[in-house]
Each structure stands twice: as structure tokens, then as C-alpha cells.
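Down below is the structure, laid out as C-alpha cells.
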Amino acid sequence: MNSPLAHPALFHLGPVPITNGVVVTWAIMAVLVIGAQRATRHLSLHPGRLQAALELIVETVDSQIRETMRVEPGPYRGFIGTLFAFIFIANWSTLIPGVEPPTAHLETDAALALLVFLAVIYYGVQAGGLRGYLGSFATPTPLMIPLNFIESLTRTFSLLVRLFGNVMSGVFVVGIVLSLAGLLVPIPLMALDLLTGAVQAYIFATLAMVFIASAVSESRDTTEPQQPRTPS
Amino acid sequence: MQIDWTTLAIQAINIAILIWLLGRFFWRPVSEMIAQRRMLAAQTLADAEAKRQQADASLAEIARTRAGFAQERSAMLDAAQTDAAALLEAKREETRQLVQSMLAQAHAAQETYRADAEAGWESNARDLAVSIAARLAARLSGEAVQEVFLSWLVAAIRALPEATRVAVASAETAVDVISAAQLSPEATAEATRHIAAAFGGAIRLNFRVDAALIAGLELSAPHLVLRNSWQADLAQIAAGLTHAS
């Protein structure tokens, strides 16, 4: 049995090695983009069932963003919703025989965490400017700058490790059980793996919202003048 | 455990591209459609509210118009009643005047009829009286009466102016002597003698009979008539009665 941590290149595009996870990611991208393009080709003011389902998805994402971030969802909808959709479909791609989910690869999870890290910086700077964002590291006191900086790295790393650990362990356990037992024995574990994948997609998206909302809020608090307290 | 940084970079780029593509083809169109429908729903609600307010305004206008109709109808009824009362009064006055005119005409006709009737009755009474007198006088015809009438005629001739008597006597035409009945020869000779004496000389006389005289003896010349009979007297009486009535 091969190690789940080893991902040999399937082929090379010049000097660039293309692994199985990259190919599956491309396939998921193709499905999502083509499906979205075809599904939204005939949107109208009088929605059918498909449009109603699509609008329900968008409304659900918007409501989650409103409840978690306490802001209007417009600027964050595409990023958060795409993260959730990609991770969810990637985790559930294990249902297709012979397909290994790209989120079981460390590089994919690291890429997702890296994007969240960059998004936190982008939205933080957008909300309070570069000075406001950097000033957020000095709250509540400049002495906390090293700790806040380390926190921003470690929470990104925690995203990476959490997603990778859950998905990779599921795949690994199912592979072990499948190699030891019969064909139908791993099915309950696969079902559990699907549940875990859905939950991990939700947790990843939620944590991304929390991190971004924290950066946005702290950046705004740093730049906006403090309101004088009035006795109540 | 190693990290393939090339694969990490490729995956980061892949996911970034996916975020952009899905934002371009899914999240933005669907959210814009939701916003459009919300705007449309809000617009529809606003239009419905505006139309409801318009309907309320129209309803109020209709209510005011209906109230105006009732007021106008009441005014028209009052005006019609006033006109009808005036027309009724005018018709009453016209009818009253017409009735009074008809009554006046009837009274006038009644007066005329009554006057005509009285005149008729008077005429009838006069005729009856003359008729009765004629009948009574007819019973008095006889020699004595004839002599009386002859004496009255002679007196009347003598009362004439002399010139008249001479003119009548000298006329070439005969003088008619009219009696109610044929005179006997003696009576004729007696009458001729007295009349000639009254004219003062010979005179040509022509005796003839007229029963309408009832009784009497009259003289008729071309320019002279002497009435001397019951008929003339009765006619004079009737004329006197008519004049008196």
C-alpha cells in the first residue's frame, strides 16, 4: 500500500509535475464552472426549480456570512462560497471509484489555507487600509505584536492541518479497511467520511469567515476614532 | 513528509481561478437576479400601494360624486316640485278665469234668453190681446157700428186742411172707400153723400172690400190715407203696448 502522503506526478507539463490532486482539481473546476455557466444561462425574474435551487444556495451562503461576519455578504460571497463548494465537492469526490480527493493532499489544503491567509490580509487592508491592518497587530498593546503575528500564522496552519488531517485520515482508514476486509465493509466508514467531509467544508468556510471578519473589524477599530463613553 | 511547492502553487492558482470564475458565472449573476427580483417585488408592492391609494382616492371621489348626485337630485326634485306648484297654480288660475268667463257667458246667454223669452211672451200676449179684441170687435159689426165709423171718417175728413180736401176732391183718380164687408146700396149712397159733403163737393168714389179691417170705413187716395177701422185701432193699441213694454 502506498503512503497517502506520497503523491507521485502523473505527467509533466514541461518542468512542472502534474499530480493526481491537480488533475482532480481541474476536473472539479471544469464541472463547477461549466455547470454554473449552463445553470445561470437562462436566469429570469420568474424562476424555475433549478434557479430556485441556485438562489437557495446563494441565500444560504449570504445568511451564513451575515450571521457570522455581521456584514453585508456582497464582497465575501464569492470567496467564501467557492471555498465551501470546492472543499465540499472535493471531499465528496471520493464517492467516484478511483478518485482520490484533492483535499487529501497536503498541497491542496495548504493552497486553501494560503488563500485564506491572503484573503484576511486583503480584506483587512481594504477595510482599514495598510496602516489600520498593521495596527490591528498592536492591539490591545504593541507588546502583543509578536503574538498576534504568530497567531495569524498558526491559525492559518491550523486550517491546513485540520482539513488535511480529517480528509486524509478518512481516506487512509477506508484504504486500510478495504485492504483488510471485504468489498462492502468500508461502506459505513465511507458514509462517515462523507459526513466528515461536509462538516469539514463547513468548518473551513466558517473559520475563514471568522478570520476575515476579525481582521476587518480590528482594522476598522484601529482606524476609526474612539467614541467618548457617556455615562448611562 | 514533504510539501511539493510547485503543486501548492498550482493548486493555489487553480483555486484562485475557480474563485474568480464562479464569482463571474455563478455568484454574481444569481445574486444580481435575486436583487432584481427583490427590487421588482418592492416596486410591485410600491405600485400596488400607489394603486391602492389611487383606488382609495377614486373611491372617495366616487363617494363625493354620489353625494353630489344625491344633492343635485334633491335640488332637481325641489325645483320640479316648485315648478309643478307654480304650473298647478297657473292652471288653477287659468281654469278659474275660464270658468268665470264661461259663467259670465252663461249668465249673458241666460239673460239674453230670458229677455228674448220675455219679449216673446209679451209679443204673444199682445197678439193674444189683439186677437181677443179683434174677435170681440168682430161681434160688434153692424149697421150702427158702420154709421159710427162713417161719422168718424167724415169728422176726420173735415179735420183735414182745406187744401188737402180740395186736392183730393179735384184729383182725376177715384178715391177708394174700403169697408170690412160689402155695403148695401143704401149704405153706399149714404156714405157717398156724407163723404162728398165733407170734401165740399162732388167726388168720385170707388168702394171695395177688405175683410182685414174687421169693422170700419177707410179712405185711400194717391196722397192720402185715412185709417178708420178696428184693424187700425188694434194696430195702434199693439204699437202702444210694444212701446210701453
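Throughout, protein chains are lettered first and strands after them, A, B, ... in sequence-line order, and every chain is numbered starting at 1.
- In terms of modelled atom types and a separation under 3.5 Å, the side chain of A:Glu107 and the main chain of B:Asp4 share a donor-acceptor contact.
- Within a 6.0 Å sphere centred on CD of B:Glu61, other residues, nucleotides and ligands contribute more than 12 heavy atoms.
- Around atom CD of B:Glu118, more than 12 heavy atoms belonging to other residues, nucleotides or ligands sit under 6.0 Å away.
- For the set A:Gly21, A:Ala9, A:Ala36, A:Ala110, the count of heavy-atom pairs under 4.5 angstrom toward chain B peaks at A:Ala36.
- Between the CG atom of A:Leu32 and the CZ atom of B:Phe26 there is a distance of 9.5 Å, given to the nearest 0.5 Å.
- With rounding to the nearest 0.5 Å, the separation of CD1 in B:Ile3 from NE2 in A:His105 is 13.5 Å.
- Interface remark: B:Thr6 contributes side-chain atoms only to the contact with chain A (heavy atom separation under 4.5 Å).
- Contact record, A:Ala111 with B:Ala12: CB-N, 3.4 Å, taken as the closest heavy-atom pair.
- Both the backbone and the side chain of A:Leu43 come within contact range of chain B, judged by heavy atoms closer than 4.5 Å.
- The candidate with the highest count of non-hydrogen atom pairs below 4.5 Å against chain B, out of A:Val16, A:Thr40, A:Val33, A:Leu45, is A:Leu45.
- Using a 4.5 Å cut-off between heavy atoms, B:Ile10 contacts chain A through its side chain alone, with no backbone atom that close.
- Rounding to the nearest 0.5 Å gives a distance of 8.5 Å between CG of A:Asp62 and CH2 of B:Trp27.
- Sparse packing is recorded around CZ of B:Arg73, with 12 or fewer heavy atoms of other residues, nucleotides or ligands lying under 6.0 Å away.
- Remark: B:Phe69 CZ is loosely packed, at most 12 non-hydrogen atoms of other residues, nucleotides or ligands lying under 6.0 Å away.
- Residue B:His223 places its NE2 atom among 12 or fewer non-hydrogen atoms of other residues, nucleotides or ligands, all under 6.0 Å distant.
- The candidate from A:Pro102, A:Ser44, A:Pro17, A:Ala39 with the greatest count of non-hydrogen atom pairs under 4.5 Å with chain B is A:Ser44.
- Rounding to the nearest 0.5 angstrom, the gap separating the CD atom in B:Gln11 from the OG1 atom in A:Thr25 is 3.5 Å.
- Of the atoms belonging to A:Thr108, heavy atoms from both backbone and side chain fall under 4.5 Å from chain B.
- In this structure, CD on A:Glu55 lies 3.5 Å from CZ on B:Arg37, to the nearest 0.5 angstrom.
- Interatomic distance, A:Leu112 CG to B:Leu8 CG, rounded to the nearest 0.5 Å: 9.5 Å.
- Contact of B:Leu40 with chain A is made through the side chain alone, with heavy-atom distances under 4.5 Å.
- Looking only at heavy-atom pairs under 4.5 Å with chain A, the residue among B:Ile13, B:Ile17, B:Leu18 that has the most is B:Leu18.
- A salt bridge links A:Glu59 with B:Arg38: the closest approach of a Lys/Arg side-chain nitrogen to an acidic carboxylate oxygen falls below 4.0 angstrom.
- If you measure heavy-atom distances from A:Leu115 to chain B, the contacts under 4.5 Å come from the side chain alone.
- Proximity to chain B is absent for every atom of A:Ile28, based on heavy atoms less than 4.5 angstrom apart.
- Heavy atoms of other residues, nucleotides or ligands lying less than 6.0 angstrom from CZ of A:Arg38 number 12 at most.
- Heavy atoms of other residues, nucleotides or ligands lying less than 6.0 angstrom from CZ of A:Phe137 number more than 12.
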